[in-house]
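Take a look at the structure set out below.
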Amino acid sequence: MKKSVLFLGLIVAMGLSSWAEAGESPILGGGNFGLGLEVGDPGVWGPVGMIWIDRENSFQPALKLGNGTALLQLDYLWHDYSLIKPSKGMLPFYLGVGGDVNFQNTVTLGARGLVGIDYLFNQENVPVDIYVQVVPELWFNSGATAFYVYGNLGSRYYF
């Protein structure tokens with residue numbers, strides 16, 4: 001099951017990457033596709049991507065593993081560079097919306113919002129970002145709902 005979820009996640013990321021191929025990345029020295037690792041909700045971690053559509057808009061696919069679950073996530077993010085201006089690099093504030101599919105005993109769907117900051121090193125030889133985000137999420141399972149708020153920390157390398 002986990003191998004098929006990983007394969008499906010890879011297909012989605014590759015499809016979005018080729019769709020956004022002409023996108024404009026704000027990452028100096030890097031392309032519009034980033035791949036890295038995200039940790040968060042206790043015991044949950046996994047690969048995460050970033051696909052820039054243009055300087056302010058991006059998609060963030062992720063595959064999360066842990067606690068006996070496998071989650072596929074896809075988020076749309078909007079970045080604002082005007083709120084925080086560091087002396088080096090860039091530090092955009094971002095908002096996003098997205099969804100989860102949980103493949104545990106039954107398939108469960110989740111709707112999520114994101115609020116975060118993302119430090120872009122913006123150096124030719126360091127096409128990397130580091131981010132922290134807060135995620136409120138609403139899960140729908142067999143007529144029941146559950147609400148959670150958790151944080152994530154991650155980093156990506158851009159090609």
Side-chain angles (χ1 to χ4, degrees), residues 1-20 23 25-27 32-84 90-120 128-159:
M1 172 73 120
K2 285 187 181 182
K3 287 182 183 180
S4 60
V5 170
L6 181 60
F7 179 72
L8 180 62
L10 213 51
I11 297 275
V12 168
M14 287 173 23
L16 286 172
S17 178
S18 63
W19 174 74
S25 169
I27 307 290
N32 66 335
F33 180 71
L35 190 59
L37 185 66
E38 182 175 279
V39 295
D41 189 28
V44 179
W45 63 275
V48 64
M50 177 73 90
I51 301 144
W52 291 96
I53 300 168
D54 58 32
R55 186 168 160 65
E56 285 86 26
N57 301 286
S58 64
F59 286 107
Q60 179 175 266
L63 172 65
K64 299 292 184 56
L65 306 168
N67 296 332
T69 64
L71 300 174
L72 279 179
Q73 298 176 329
L74 182 60
D75 303 315
Y76 166 79
L77 305 178
W78 174 78
H79 300 77
D80 183 358
Y81 297 84
S82 66
L83 294 176
I84 307 168
M90 294 181 284
L91 191 62
F93 166 81
Y94 63 87
L95 298 171
V97 294
D100 283 317
V101 179
N102 183 349
F103 297 97
Q104 198 167 5
N105 297 332
T106 61
V107 175
T108 309
L109 301 176
R112 47 194 259 137
L114 295 91
V115 176
I117 56 173
D118 189 3
Y119 183 73
L120 312 171
V128 173
D129 74 343
I130 297 173
Y131 63 93
V132 62
Q133 61 191 20
V134 175
V135 183
E137 185 163 31
L138 186 60
W139 284 98
F140 304 96
N141 183 13
S142 305
T145 58
F147 181 74
Y148 299 99
V149 177
Y150 57 90
N152 290 323
L153 172 68
S155 181
R156 294 173 286 246
Y157 179 86
Y158 289 85
F159 327 43

- Task: Give a yes or no on whether Trp45 atom CH2 has more than 12 heavy-atom contacts from other residues, nucleotides or ligands under 6.0 Å away.
- Result: no
- Item | Distance in Å, Trp78 CH2 paired with Leu114 CG, rounded so as to fall on 0.5 Å steps | 14.5 Å
- Item | Within 45° cone of Tyr81 ring axis and under 6.0 Å: Arg55 NZ or CZ | yes
- Task: Give a yes or no on whether Tyr148 atom OH has more than 12 heavy-atom contacts from other residues, nucleotides or ligands under 6.0 Å away.
- Result: no
- Message: So which atom in Arg112 and which in Gly99 form the shortest heavy-atom distance, rounded to 0.1 Å?
- Response: CG-N, 3.9 Å
- Who pairs with Asn102 by side chain to side chain donor-acceptor pair (under 3.5 Å), at least two apart in sequence or on another chain? none
- Under the side chain to side chain donor-acceptor pair (under 3.5 Å) test, residues paired with Ser82 that sit two or more places apart: Asp80
- Message: Just verifying a value: how many Å separate Ile130 CD1 and Asp118 CG, rounded to the nearest 0.5 Å?
- Response: 9.0 Å
- Message: So, taking the atom named CD in Gln73 and the one named CG in Asp75, what distance separates them when rounded to the nearest 0.5 Å?
- Response: 6.0 Å
- Audit row: Lys64, Glu38, salt bridge (Lys or Arg N to Asp or Glu O under 4.0 Å) steps and yes/no: CA-CA 8 Å; Lys64 299 292 184 56; Glu38 182 175 279; 2.4 Å; yes
- Please name all residues satisfying side chain to side chain donor-acceptor pair (under 3.5 Å) with Tyr76, sequence neighbours left out, ordered by chain then number. Asn57
- Query: Yes or no on side chain to side chain contact (heavy atoms under 4.5 Å, CB included) for Ile117 and Val132, after CA distance, side-chain angles and deciding distance?
  - Reply: CA-CA 6 Å; Ile117 56 173; Val132 62; 3.6 Å; yes
- Note on the structure: Between the CG atom in Leu83 and the OH atom in Tyr94, the distance rounded to the nearest 0.5 Å is 14.0 Å
- Does the side chain of Asp129 pick up a donor-acceptor pair with the side chain of Tyr157 at under 3.5 Å? no
- Task: Please round to the nearest 0.5 Å and tell me the distance separating atom OG1 of Thr145 and atom CG of Leu138.
- Result: 5.5 Å
- Message: Testing Phe59, Tyr158, Phe33 one by one against Met50 for a side-chain contact (heavy atoms from CB on, under 4.5 Å), which residue passes?
- Response: Tyr158
